[in-house]
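This report refers to the structure that appears directly beneath it.
This chain uses plain numbering: 1 for the first residue, then up along the sequence.
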Amino acid sequence: MTTTEQSYNVYEDRCPTRLVLDCLADKWALLILDRLQGGPVRFNHIRRDIKGISQKVLSQTLRRLERNGLISRTIFPTVPVTVEYALTPLGRTLTDTVSALSHWAEQNMDAIFAAQRAYDERDAG
């Protein structure tokens, strides 16, 4: 069995890792990945859980995550059709990172607001 390992460098402008980082740096992608940690979730349930995401953006983000191998889509032949999304094994490798980043923001908002106020006051003077 022969495998070829590529050498990737995220600091190079043409490195394909930049496209993956672009996908993961999206707030909607992070929220969807975090939401799927508990197991498979239906499309409409995700839309209800993530306030403010439009159906179009949710569909686009789910497709992008599926294309990158981070989530899987299962279609059930019901009336109407039921679609569930779940993390793939590759997607599960991100759960700790995604959760830490998402919840870091929640835990540090007061400090961030204080820093913004201090910056704005300093910048205004």
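- Under the rule for a salt bridge (charged side-chain N to carboxylate O under 4.0 Å, His left out), Asp22 has no partner lying at least two apart in sequence or in another chain.
- For the atom pair CG (Leu24) and CG (Leu94), the distance works out to 5.5 Å, reported to the nearest 0.5 Å.
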Verify side-chain contact (heavy atoms from CB on, under 4.5 Å) between Gln116 and Ile112, making sure each step is shown before the conclusion. CA-CA 6 Å; Gln116 290 171 348; Ile112 292 167; 3.6 Å; yes
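- Of the possible polar contacts, one joining the Thr93 side chain to the Leu90 backbone as a donor-acceptor pair under 3.5 Å is found.
- For Asn9, the CG atom counts as densely surrounded, since its 6.0 Å shell holds more than 12 non-hydrogen atoms of other residues, nucleotides or ligands.
- For Glu66, the side chain to side chain donor-acceptor pair (under 3.5 Å) test picks out no residue, with sequence neighbours left out.
- Remark: Arg18 CZ is packed, more than 12 non-hydrogen atoms of other residues, nucleotides or ligands lying under 6.0 Å away.
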Please tabulate, for side-chain N and O atoms in residues 26-38, each donor-acceptor pair with protein atoms closer than 3.5 Å (sequence neighbours left out).
unit_1: Asp26; atom_1: OD2; unit_2: Trp28; atom_2: N; d: 3.1
unit_1: Asp26; atom_1: OD2; unit_2: Ala29; atom_2: N; d: 2.9
unit_1: Asp34; atom_1: OD1; unit_2: Gln37; atom_2: NE2; d: 2.6
unit_1: Asp34; atom_1: OD2; unit_2: His103; atom_2: NE2; d: 3.1
unit_1: Arg35; atom_1: NE; unit_2: Asp49; atom_2: OD2; d: 2.4
unit_1: Arg35; atom_1: NH2; unit_2: His45; atom_2: NE2; d: 3.3
unit_1: Arg35; atom_1: NH2; unit_2: Asp49; atom_2: OD2; d: 2.9
unit_1: Gln37; atom_1: NE2; unit_2: Thr95; atom_2: O; d: 3.4

Can you give each donor-acceptor pair under 3.5 Å made by side-chain atoms of residues 67-86, sequence neighbours left out, with the distance rounded to 0.1 Å?
unit_1: Asn68; atom_1: ND2; unit_2: Arg64; atom_2: O; d: 3.1
unit_1: Thr78; atom_1: OG1; unit_2: Pro80; atom_2: O; d: 2.5
unit_1: Thr78; atom_1: OG1; unit_2: Thr82; atom_2: N; d: 3.1
unit_1: Thr78; atom_1: OG1; unit_2: Thr82; atom_2: OG1; d: 2.7

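- Residue Leu21 is found in a hydrophobic cluster whose other members, listed by chain and number, are Val10, Tyr11; membership requires side-chain heavy atoms under 4.5 Å apart, directly or through intermediates.
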Sequence neighbours left out, cut at 3.5 Å: what donor-acceptor pairs do the side chains of residues 50-57 make with other protein atoms?
unit_1: Lys51; atom_1: NZ; unit_2: Arg48; atom_2: O; d: 2.7
unit_1: Ser54; atom_1: OG; unit_2: Val57; atom_2: N; d: 3.1
unit_1: Gln55; atom_1: OE1; unit_2: Arg47; atom_2: NH1; d: 2.6

